[in-house]
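Presented below is the structure to which this report refers.
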Amino acid sequence: MSKSSFKLFDMVPKGRVIMIRNTDNPTPENRKDIIGHFFLQQIFQLLCDNKDAAIELIAASTDQNRHLEKKYFEALTNAGYRNFNFLYPDQEQNNDEQIYFRLSGAKVVIFTDGESELCEVLKDSTILKLLYKKYLLEPDFTIVGINVGAMCISGIFMNDSGAIDGLGFINTCIIDSRFDHKTRFKNLIKNVILNNEYFGLGLNENTALIIEEGSKAICKGSGSVMFVNARNVKKINAKDFDNEKTMFVKNLKGHILVDGCMLNLKNGEVLNTVHKENLLN
C-alpha cells in the first residue's frame, strides 16, 4: 500500500487529521441540512487560525460539482476563510506540476464527499507522497475528510463489498462515515473482526473526530461515534458472516463517543464515554 512510502506507522505526525460526517442527502428545504451546514461551519472554524491560509479542496469531477462547490464555498466563507480553491486530479486537463505547486503551499487539504474513486487516482502518486510529507513534518498542516472522503483518508475503508485500501493517513482504524446503527452496525462489526488489528469507528451525522499526533482523537458535534475494539477477539471465518449466522463473540468491546470524549487510537483507551461497559462479552 502507498502508506508505506513514509512509514506512517513508525513516525509521529506533526499535522492533524479531521474526519467529518455531515448531513446525509441534503436538500435546500431540509431542516437537517440547515443544522448540518451550521455544524460544518463550526468545524471549519477549527481548520486554521490564519483566515488567509491556502485551502485546497480535492474532489472528483462529477455532475454534483456545482452543488458541492456552492456548499463548501458558503461554509468556508461563513467561517471567515478567503483563500480556497477546488482541485480535480481525475480530469485529464489538470497539470500535475501545477497541482503539486498548489498543494505545496496549502495549510489545509480537504477530501470532499464521494471521493472513494480518488484512492485509485492518487495511489502511489507524487501528489499523495507530498501530502504524506506535509502531514508528517508540518505542525500547521491539516488533512480533512468529509463523509466518504473521511473513509478515504484512513488505511482501509468500508464500501459495499467490504474493507479496501485507503490513502493511509490514519492506519489504526476502519472508518465508516455512513454509519447507521440499524443498517450498517453489523457490517462495521464484521469488518473489524476480520481485520482485528484495526479499531472500528462509525461516525453518525454531524460528528467529527479531530486527531493529533496520529492517535490522540477528540469527538466534536451533536452526534456520536461508535468505537469498536476486536483486538482480543479470536479470528472468525468470513463464511460465518456470509451465511448470516447468529453468533456469540467473546471479548468484543464497544463504546459510544459524544462531544468531548477522547480516544487513543494506538491502544483503544477511551475517556469520558457514555457507556463504559462492553457491548458484547
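Partners of A106 under the side chain to side chain contact (heavy atoms under 4.5 Å, CB included) rule, at least two apart in sequence or in another chain, are E56, V109. Scanning for salt bridge (charged side-chain N to carboxylate O under 4.0 Å, His left out) contacts around K51 gives an empty result, with sequence neighbours left out. Scanning for salt bridge (charged side-chain N to carboxylate O under 4.0 Å, His left out) contacts around E212 gives an empty result, with sequence neighbours left out. In this view, E74 satisfies the salt bridge (charged side-chain N to carboxylate O under 4.0 Å, His left out) rule with no residue, not counting sequence neighbours. Listed by chain and number, the residues in a ring-ring contact (aromatic ring centres under 6.0 Å, His included) with F199 are F227 (sequence neighbours excluded).
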Walk me through whether N229 and L252 qualify under side-chain contact (heavy atoms from CB on, under 4.5 Å). CA-CA 6 Å; N229 181 352; L252 178 64; over 6 Å; no
Evaluate F73 against F84 for ring pair (Phe, Tyr, Trp, His ring centres under 6.0 Å), listing each step before the verdict. CA-CA 8 Å; F73 176 87; F84 50 87; 5.7 Å; yes
Test log, rule side-chain contact (heavy atoms from CB on, under 4.5 Å), inputs L131 and L167: CA-CA 10 Å; L131 295 180; L167 296 179; over 6 Å; no
Show, in sequence, the C-alpha distance, side-chain angles and deciding distance for I193 and V249, and conclude whether the side-chain contact (heavy atoms from CB on, under 4.5 Å) test is met. CA-CA 9 Å; I193 290 176; V249 181; 4.1 Å; yes
For side-chain contact (heavy atoms from CB on, under 4.5 Å), just list the numbers for Y100 and L130, CA-CA rounded to whole Å, side-chain angles, deciding distance to a tenth of an Å, and then say yes or no. CA-CA 8 Å; Y100 193 93; L130 169 65; 3.7 Å; yes
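Remark: the backbone N or O of V233 is paired with a side-chain donor or acceptor of N196 at under 3.5 angstrom. A donor-acceptor contact shorter than 3.5 Å links the side chain of N195 to the backbone of N191. In this structure, T172 contributes its side chain and L265 its backbone to a donor-acceptor pair below 3.5 Å. Within the 3.5 Å criterion, the main-chain N or O of C48 finds a donor-acceptor partner in the side chain of Y81. Looking only at distances, a side-chain donor or acceptor of N147 sits under 3.5 Å from a matching main-chain atom of N22. Within the 3.5 Å criterion, the main-chain N or O of E205 finds a donor-acceptor partner in the side chain of T207.
Between M226 and I256 the shortest heavy-atom distance is CE-CG1, 3.8 Å. Residue R21 comes nearest to S177 through the heavy atom pair CD-O, 2.6 Å, listed as atom of the first residue, atom of the second, then distance. For A150 against M19, the heavy-atom pair with the smallest separation is CB-CB, 4.0 Å. The two atoms that bring S215 and I211 nearest to each other are N-CG2, 3.7 Å, heavy atoms only. The minimum heavy-atom distance linking F86 with A59 is given by the pair CD2-CB, 4.4 Å. Smallest separation of non-hydrogen atoms from C219 and L257: SG-O, 3.9 Å.
Residue E69 holds its CD atom at 13.0 Å from NZ of K71, rounded to the nearest 0.5 Å. Of the inter-residue distances, the one linking L201 atom CG with I175 atom CD1 reads 4.5 Å to the nearest 0.5 angstrom. Note that CG of N78 is 10.0 Å distant from CG of L40, once rounded to the nearest 0.5 Å. Taken from OG1 in T126 to CD1 in I99, the straight-line distance is 9.0 Å, to the nearest 0.5 Å. Interatomic distance, CG of L103 versus CD of Q98, reported as 10.5 Å (0.5 Å rounding). Note that CD of E138 is 10.0 Å distant from CG of L136, once rounded to the nearest 0.5 Å.
With salt bridges taken as basic N to acidic carboxylate O contacts below 4.0 Å, none links D259 and K220.
By the 4.5 Å heavy-atom criterion applied to side chains, I218 and L209 are not counted as neighbours. Looking at heavy atoms from C-beta onward, N50 lies out of side-chain contact with K107 at the 4.5 angstrom threshold. Side chains of I55 and F44 form no contact here, defined as non-hydrogen atoms less than 4.5 Å apart. When side chains are defined from C-beta on, I18 counts as touching I43, because their heavy atoms get closer than 4.5 Å. Here the side chains of V144 and V108 are in contact, with some heavy-atom distance below 4.5 Å. F38 places none of its side-chain heavy atoms less than 4.5 Å from the side chain of N206. Between I174 and D176 there is no side-chain heavy-atom pair separated by less than 4.5 Å. Considering only heavy atoms from C-beta on, I170 stays 4.5 Å or farther from I153 through its side chain.
Sequence neighbours left out, not one pair with a member in residues 144-157 passes salt bridge (Lys or Arg N to Asp or Glu O under 4.0 Å).
Between Y132 and F169, the distance from one ring center to the other falls under 6.0 angstrom.
Side-chain contact check for R16 and T142: at least one donor-acceptor pair (N or O, by modelled atom type) lies under 3.5 Å. Side-chain N/O atoms of S224 and N204 include a donor and acceptor closer than 3.5 Å.
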